[in-house]
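Note on naming: letters A, B, ... go to the chains in the order of the sequence lines (proteins, then strands), and numbering restarts at 1 for each one. Here the structure is a predicted model, which means the values were calculated and not measured.
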Amino acid sequence: MKSSTLPSPAKTGGPALEVEGLCVDLRTPSGTVRAVDGVGFSVRKGRTLALLGESGCGKSMTALSIAGLLDPTAEVTGGSVKVAGTDVLRLGRAGRRKLAGPVLSIVFQDALTALNPVQPVGRQLAEPFRIHRGLSRRDAREKAVELMTRVGIPEPRLRARAYPHQFSGGMRQRLLIAMAVALDPDVLIADEPTTALDVTVQAQIMRLLRDLQTERDMALVLITHDLAVVAQRADDVVVMYAGNVVETGPVAEVFSRPRHPYTKGLLDSVPEHAVRGRPLPAVPGSPPELSAVPSGCVFQARCPLAGQRCAGERPPLLSVGAARSAACHFSEELDRV
Amino acid sequence: MSETPLTATAADPRADGSATPPPLLEVRGVTKSFGHGRRRLTALDGVDVRVERGETLGLVGESGCGKSTLARVVLGLERPDSGTVRFDGTDPFTLKGKELPAWRRRVQMVFQDPFASLNARMSAADLIGEPWRTHRDIVPTAPARERRVRELLSLVGLRESDAHRYPNEFSGGQRQRIGIARALALDPDLIVCDEPVSALDLSVQAQVLNVLSELRERLGVSYVFISHDLSVVRHVSDRVTVMYLGKVIEHGPTEDVFDRPLHPYTAALMSAAPTLDVSGRERDEEIQLRGEIPSPYDIPSGCRFRTRCWKSEARCAEVAPPVVVRDGTADTGQEPHEGLCHFPLGTGPMEA
């Protein structure tokens, strides 16, 4: 199936993507703030890892640093991102560009801004084949039509000549996915791929992603704020809060028995579990501003378990069972809340 | 409904003997289209909706289904082409002179995006008190206004000291509370909430939903609750109306609609919405719909859902679907559960 021209060590086993101690600083008018603070995780091929968190938690920033697409106001200040064994943070522009597409690629949230509005979609889809594989115009175009067929765009040959605005939201998302998987990457990052879509279309897109992932044996990093999407579609989850990883583990275990009060609070506040007419068990307060993240535990201000120790000492991410870890001084006491 | 709203109009038993007052809101056969000539977009096509006092009606449907147009009709911002709107028995579109603002006061709105819907240059107190500049007699004096702002702030769970802060000093959840306080400033009977928590962080959504249901208990206010999030709708609504391409295709008590949907579209919507249940992963019974919503400029003949429906047959293209009523619920006097379909789901022996 694979026809990539680049050798890819990840095919020999081991994680396809390995992030360690990633730190990202953000320059703001009022000073530098840390947006991502020591984030680490790894994904193997064929597996789906969800980066779960609310807006501002650093999940998209993490994704953009992996893809090398950070805004100039943001800067990676530490850590490593190993894709197929090489630390991409140490690569130059040319080196990164070689990886973008055949090894690592990304699907963005907003398909309308991610596509070029003044170029027919067929030409945009053919571009990776022209650049990375040096195919002729005609061959690349054939490939583009093939891809459009694969992601379920009706009448692909005709539609290849259409412009992005002539497609519906769901179809545009399909086009973006097609472009991302064009060169059979090892790692696919999907940043909130269905947020702007209607539920029935959302389900179609998630299914397409899953099918492509199985078919091409990709490692999928799913960035989302939607607990239900994580529950349904991911194997492992990394829960982020205020730039930090607060809990990780297999989804089934984390969701049935969370070991961090934030994860538990999120799960409890979903109406699905609540009794109608009763107040929802809400997490009080709101996430801290990045400029005002407390020195101790990042969640202390909203935590029902917070004690003296939490104010002074940031809890490290420690193992709380097989393949699970949590960053809480009191994770053992969580069941009693 | 446990208590009468502060500003309730006397529920006068009518002379003809029927003791029940008219519903708070009754929309019947409302049609609304935009554009002209051949390029005519039908946003609403014979829509019926009813909201009782103190009740929450959930309005569900995907983009383009007409739910926002319906909200605008309910708010009196859009005059229907045909059909009737009755608010507490009167047609708001016939009101003239002073009656019109008096009616407008009773129907208010909470918007989706608290970052876009609040004027950044007005303090919380100004924002909440702004409606009184139009409706002068509600809270007539300055000291009374100040007092009322403080009351409203605490009603939505903000501090009195927040009155003089500006929107940029508040988080998303707090801003939405200001939006709610502002809607409450005129003591409305009905609040239309258009996706009131979709723009909020997950951990904050529950707080705002709690504020809304608390207000309903305390003030007896009714809601039309528009949302794409089915778990939220299920939690807050007494009854649910499902719309598709400008038509109500199913409505009924929340539990009935969610647990035993009549219309294939409702069933698909429920099954498409991911749930938190980790044991039910990779559900194979998930209903996968074909394609996307057709253009509202070009609505399919017969049943408008047939182009995406797995049950559709020739009849669906030829004949408009009939109203199916499910009277399965044992307790009598129960709200009817109705769907619009030739081949409704789970109708048991009738299915043959």
Side-chain angles (χ1 to χ4, degrees), chain A residues 52-57 152 154 168-171 194 196-204 206-207 210 225-235 241 250-256 262 265-287 289 302, chain B residues 60-65 157 170-174 197 199-211 213-214 216-217 228-238 254-255 265 268-283 286-293 295 308:
Chain A
L52 173 71
E54 303 177 275
S55 51
C57 75
S168 68
M171 286 298 155
T194 60
L197 304 173
D198 282 320
V199 255
T200 56
V201 181
Q202 235 176 62
Q204 294 170 353
M206 288 313 299
R207 179 163 298 203
R210 194 193 56 194
H225 67 275
D226 191 331
L227 289 168
V229 165
V230 176
Q232 301 286 307
R233 307 290 180 185
D235 302 306
Y241 187 79
V251 173
E253 291 175 38
V254 171
F255 276 32
S256 51
Y262 175 62
L266 279 185
L267 288 163
D268 287 346
S269 68
V270 171
E272 195 182 313
H273 286 171
V275 183
R276 245 187 73 206
R278 292 251 192 90
L280 295 166
V283 183
S286 45
E289 297 285 331
R302 306 173 74 189
Chain B
V60 176
E62 297 179 281
S63 46
C65 74
F170 293 101
S171 68
Q174 290 172 321
V197 297
L200 303 180
D201 273 327
L202 189 62
S203 70
V204 177
Q205 282 188 12
Q207 298 171 9
V208 171
L209 289 174
N210 285 345
V211 168
S213 45
E214 214 181 285
R216 186 172 90 149
E217 305 254 301
H228 70 280
D229 187 330
L230 294 173
S231 66
V232 168
V233 170
R234 181 173 195 152
H235 184 72
V236 301
S237 312
D238 300 301
T254 304
E255 246 82 61
Y265 176 64
L269 212 53
M270 309 288 171
S271 111
T275 67
L276 273 188
D277 183 9
V278 263
S279 59
R281 285 156 62 85
E282 303 296 330
R283 296 167 302 167
E286 180 182 311
I287 304 164
Q288 184 91 345
L289 288 183
R290 307 194 278 264
E292 293 173 31
I293 302 177
S295 160
R308 301 176 73 196

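For B:V60, the side-chain contact (heavy atoms from CB on, under 4.5 Å) partners at least two apart in sequence or on another chain are B:L230, B:V233, B:V240, B:L269.
For B:Q174 and A:S286, the side-chain atoms include no donor-acceptor pair closer than 3.5 Å.
Between the side chain of A:Q204 and the main chain of B:G291, a donor-acceptor pair closer than 3.5 Å is present. A donor-acceptor pair under 3.5 Å is formed between the side chain of A:E272 and the backbone N or O of B:L276.
One distance of note links CG of A:L52 with CG of B:L202; it measures 8.0 Å at 0.5 Å rounding. To the nearest 0.5 Å, atoms CZ (A:R278) and OG (B:S213) are separated by 12.5 Å.
With a 4.5 Å cut-off on non-hydrogen atoms, B:D229 does not touch chain A at all. Contacts of B:Q288 with chain A are made by side-chain atoms alone, with heavy-atom separations under 4.5 Å and no backbone atom involved. Using a 4.5 Å cut-off between heavy atoms, B:D201 contacts chain A through both its backbone and its side chain. With a threshold of 4.5 angstrom between heavy atoms, A:V199 approaches chain B through its backbone and through its side chain. Both the backbone and the side chain of A:M171 come within less than 4.5 Å of a heavy atom of chain B. With a threshold of 4.5 angstrom between heavy atoms, B:L209 approaches chain A through side-chain atoms but not through N, CA, C or O.
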### Query
Can A:V201 and B:E292 be said to form a side-chain contact (heavy atoms from CB on, under 4.5 Å), step by step?
CA-CA 7 Å; A:V201 181; B:E292 293 173 31; 4.0 Å; yes
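In terms of non-hydrogen atom pairs under 4.5 Å with chain B, the most contact-rich of A:G265, A:G152, A:G170, A:P154 is A:G170. Ranked by heavy-atom pairs shorter than 4.5 Å toward chain B, the options A:A228, A:P284, A:A203 are led by A:A228. Top candidate by heavy-atom pairs under 4.5 Å with chain B, chosen from A:L227, A:T200, A:V283, is A:T200.
The shortest heavy-atom contact between A:G285 and B:Q207 is O-NE2, 2.8 Å. In plain terms, the two heavy atoms of A:E54 and B:V204 that are nearest each other are OE2-N, 4.4 Å.
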